[in-house]
Amino acid sequence: YTFKMAITSVLLLLLAVTAAAKQRDVLMLAVDDLRTELSIYETGSFMHTPNFERLAKQSMVFERAYVQVALCMPSRTSLLTSRRPDTSRCWTIEADQYWRVSGGNFTTLPQYFKESGYLTIGMGKIFHESALCGWQDINYSWSPEAIYTHANGGEGPTGLYDPQGQEEKLGGKGKLAHQFDDADEPLLADGMITDHALQVIQNISANRKSGKDTRPFFLAVGLHKPHVPWWAPKRFWDYYNDDNSSWPWQPPHATLPTDVPFVALQDWQVEGWCQSDTDVAPICNKTKDFPLDNTTLSQTAIKYLRQAYFAATSWTDSNIGRVLDTFEAQPNLFLNETVIVMWGDHGWHLGDNDQWAKMTNFEHATRIPLMISIPGMAAGRVSSIVEAIDIMPTTILAGMGFNMTACPTNANESRATALCTEGRALQTIMAQSLASPSTDTHGYAFSQFPRPEHPDRIVDLDCRYKNLTKEECPNKMGYTVRVETYRYTEWIGFDKEHGIANWSDVHAIELYNHSLNPVPVSYDIETENIASANPKLVAQLHEILYDFNKIKP
């Protein structure tokens, strides 16, 4: 054991010294709403995702990585600032939750590289779009070369290249899912983003060759799919058609977990699909008002929507392959000398646990695919529990040899500190996994989600069930911790204005046993809330959750 630890320490030292001696190029691939149902994970063995497999062959693949919030804007804020939601005060998608206003003037991941002399270029969706996050934080995080006037199809203001495609004109208008002709791919938004990425890579290579610009680069490519609407070229749908019987069109465990509290659930996206979607509404079983669930979606609708999601995922895989191909084709750019980070911003429910979409604290909403490739480090797999806030310190250490300091434990002091991490660099865990997977260190992952999610409507099934109005529905925060064999969640009263949790105001608790599903899991689904039968375990996990998450003003 001592020898292995010594080897690990030497390896980490060499990696840090090498990175410090030579600033490494960084390629970051960000994907929206991506489940771990990929062919690199056991749950996705049926998926056609060869380029994820290709990237995995040179990366550390993380079996259990978790986001802080299962929603785009707060999740990306946490990941790209390495701050937890209660520090940034970004919990949902609202106008007053841009972290530079609500939390603190935090240095972001691309901003750190920019201020260190890098060319930083992003495209597509990196931060959450629109003014809610300062138009993808354009005033701080990106080099001038990344900024485009009217970047959003001529309608939005100046920002990153993030075009509106021609999907609606080509038949997608009013549809949650649509098959496009393969010839139309260059006119679809993600096709346009990928084409732009290829051009940027070629320009970087040409400028480096001519000596016009030899700066190291931080290149971030953000692909929208498989975010709804599930629009993709036809050839990707064909991988999951009726001729292919290997893909699971029925959700595993499609019923609600036993004894689940209503506050843990959401149904608002299914409600919208069944009311207005051109293709889905006619095939909904409009027989239930509460909850809107897998009995509302007909079997035909469920099969169609799962096929659409998987097709969109395979299209994203293809676009990632195009980026890797173009990178490898450049004579002076080398993937094996580049730090590569691929992440999903959160998961997505596809009928499992009777849930669709995101915005829950369940496993399929909070668990994400994560791969990190560091020059000089072998490929492998990490079974430790890690968090999205670990990505920023890991990437900075890998790219520049700088080890970020931990943030102060006092929330206000953390908000006043521009550059620090509430996560941890993962190089030690990665090295330990390579040296001895059987002794891989397991940690905790903390996530959370507010109810009601949206201020303008009751996205809180507990309040709807009790016939409470929007004004009567109390604010709650669901704090959850994922430990080695359990997930424990408490829904407690929350003062949203001041960001303070009231731990004495407990609305509901949940406890799910994951010990029956060892890593890698077959279907890691939480089927039964066992909190009431395990008071001692609940008390132990409550202390972990309370001690870690309580705000210390």
Side-chain angles (χ1 to χ4, degrees), residues 25-33 72-73 76-77 79-80 98 108-111 113-114 118-170 172 184-208 212-213 215-227 229 231-232 312 315-316 318-327 330 333 338 340-343 345:
D25 295 327
V26 179
L27 172 63
M28 189 175 77
L29 303 167
V31 184
D32 218 340
D33 291 8
C72 304
M73 179 170 157
R76 290 168 183 258
T77 294
L79 190 153
L80 293 165
Y98 177 30
T108 70
L109 175 56
Q111 181 184 357
F113 281 96
K114 173 188 172 184
Y118 275 61
L119 171 67
T120 60
I121 295 183
M123 63 205 67
K125 185 175 180 179
I126 307 302
F127 296 91
H128 191 72
E129 302 129 317
S130 82
L132 300 181
C133 278
W135 299 107
Q136 300 217 55
D137 205 43
I138 59 169
N139 292 330
Y140 300 89
S141 290
W142 307 105
S143 299
E145 292 88 341
I147 310 304
Y148 285 74
T149 302
H150 300 307
N152 193 16
E155 298 179 6
T158 299
L160 298 185
Y161 181 82
D162 190 20
Q164 289 182 343
Q166 301 298 310
E167 286 91 342
E168 291 194 355
K169 295 179 181 178
L170 294 170
D184 291 333
E185 186 172 358
L187 302 177
L188 310 182
D190 271 12
M192 297 170 70
I193 292 167
T194 303
D195 286 342
H196 183 71
L198 308 190
Q199 187 61 59
V200 168
I201 291 169
Q202 292 167 353
N203 292 344
I204 289 174
S205 178
N207 290 339
R208 187 169 287 184
K212 181 180 178 180
D213 189 345
R215 288 176 291 174
F217 63 79
F218 178 95
L219 176 62
V221 181
L223 296 170
H224 292 273
K225 302 308 171 192
H227 192 289
W231 293 335
W315 183 33
T316 286
S318 175
N319 285 327
I320 287 175
R322 294 175 62 206
V323 171
L324 298 179
D325 287 343
T326 301
F327 202 109
Q330 307 311 306
L333 300 181
T338 302
I340 306 174
V341 183
M342 190 291 299
W343 48 265
D345 64 349

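Basis for what follows: all heavy atoms, side chains included, without hydrogens, waters or symmetry-related copies.
Checking side-chain atoms of Ser143 against main-chain N and O of Ile121 turns up no donor-acceptor pair under 3.5 Å. Within the 3.5 Å criterion, the main-chain N or O of Ser141 finds a donor-acceptor partner in the side chain of Thr120. Remark: side-chain polar atoms of Asp25 are paired, donor with acceptor, to backbone N or O of Phe217 under 3.5 angstrom. Between the side chain of Trp142 and the main chain of Gln136, a donor-acceptor pair closer than 3.5 Å is present.
A distance of 5.0 Å separates CG in Leu132 from CE in Met73, rounded to the nearest 0.5 Å. A distance of 12.5 Å separates CE in Met192 from CG in Asn319, rounded to the nearest 0.5 Å. For the atom pair CG (Leu223) and CE (Met123), the distance works out to 10.0 Å, reported to the nearest 0.5 Å. From Leu170, atom CG reaches atom CG of Asp184 across 4.5 Å, with rounding to the nearest 0.5 Å. Atom CG in Leu333 sits 10.0 Å away from atom CG in Leu219 (nearest 0.5 Å). Here OG1 of Thr316 is found 12.0 Å from NE2 of His227. Values are rounded to the nearest 0.5 Å.
With Lys125 as the partner, the salt bridge (Lys or Arg N to Asp or Glu O under 4.0 Å) test is satisfied by one option alone out of Asp190, Asp32, Asp33: Asp32.
For the residue pair His128/Asp345, the side-chain donor-acceptor check at 3.5 Å is not satisfied.
For Glu167, the side-chain hydrogen bond (donor to acceptor under 3.5 Å, both in side chains) criterion is met by no residue, not counting sequence neighbours. Annotation: side-chain hydrogen bond (donor to acceptor under 3.5 Å, both in side chains) contacts of Asp195 (sequence neighbours excluded): Arg322. Residues passing the ring-ring contact (aromatic ring centres under 6.0 Å, His included) test with His196 are Tyr148, Tyr161, sequence neighbours excluded. Among residues two or more places apart in sequence or in another chain, the ring-ring contact (aromatic ring centres under 6.0 Å, His included) test is passed with Tyr118 by Phe113. For Lys169, the side chain to side chain contact (heavy atoms under 4.5 Å, CB included) partners two or more places apart in sequence, or in a different chain, are Gln166.
Legend: salt bridge (Lys or Arg N to Asp or Glu O under 4.0 Å) pairs involving residues 132-146, not counting sequence neighbours, sorted by first then second residue: Arg100-Asp137, Glu145-Arg215.
The two atoms that bring Ile320 and Val31 nearest to each other are CD1-CG2, 4.3 Å, heavy atoms only. Of all heavy-atom pairs between Ile193 and Pro163, the closest is CG1-CD, 3.7 Å. Summarising the geometry of Ile138 relative to Gly159, their closest heavy-atom pair is CG2-CA, 3.7 Å, with the distance given to 0.1 Å. Scanning both residues, Trp343 and Arg76, for their nearest heavy atoms gives CH2-NH1, 3.9 Å.
Looking at Ile204 and Gln330, their side chains never come closer than 4.5 Å, going by heavy atoms from C-beta outward. Annotation: side chain of Phe127 is not in contact with side chain of Tyr98 (no heavy-atom distance under 4.5 Å). Using a 4.5 Å cut-off on side-chain heavy atoms (C-beta onward), Trp315 and Leu188 make contact. Between Lys114 and Phe218 there is no side-chain heavy-atom pair separated by less than 4.5 Å.
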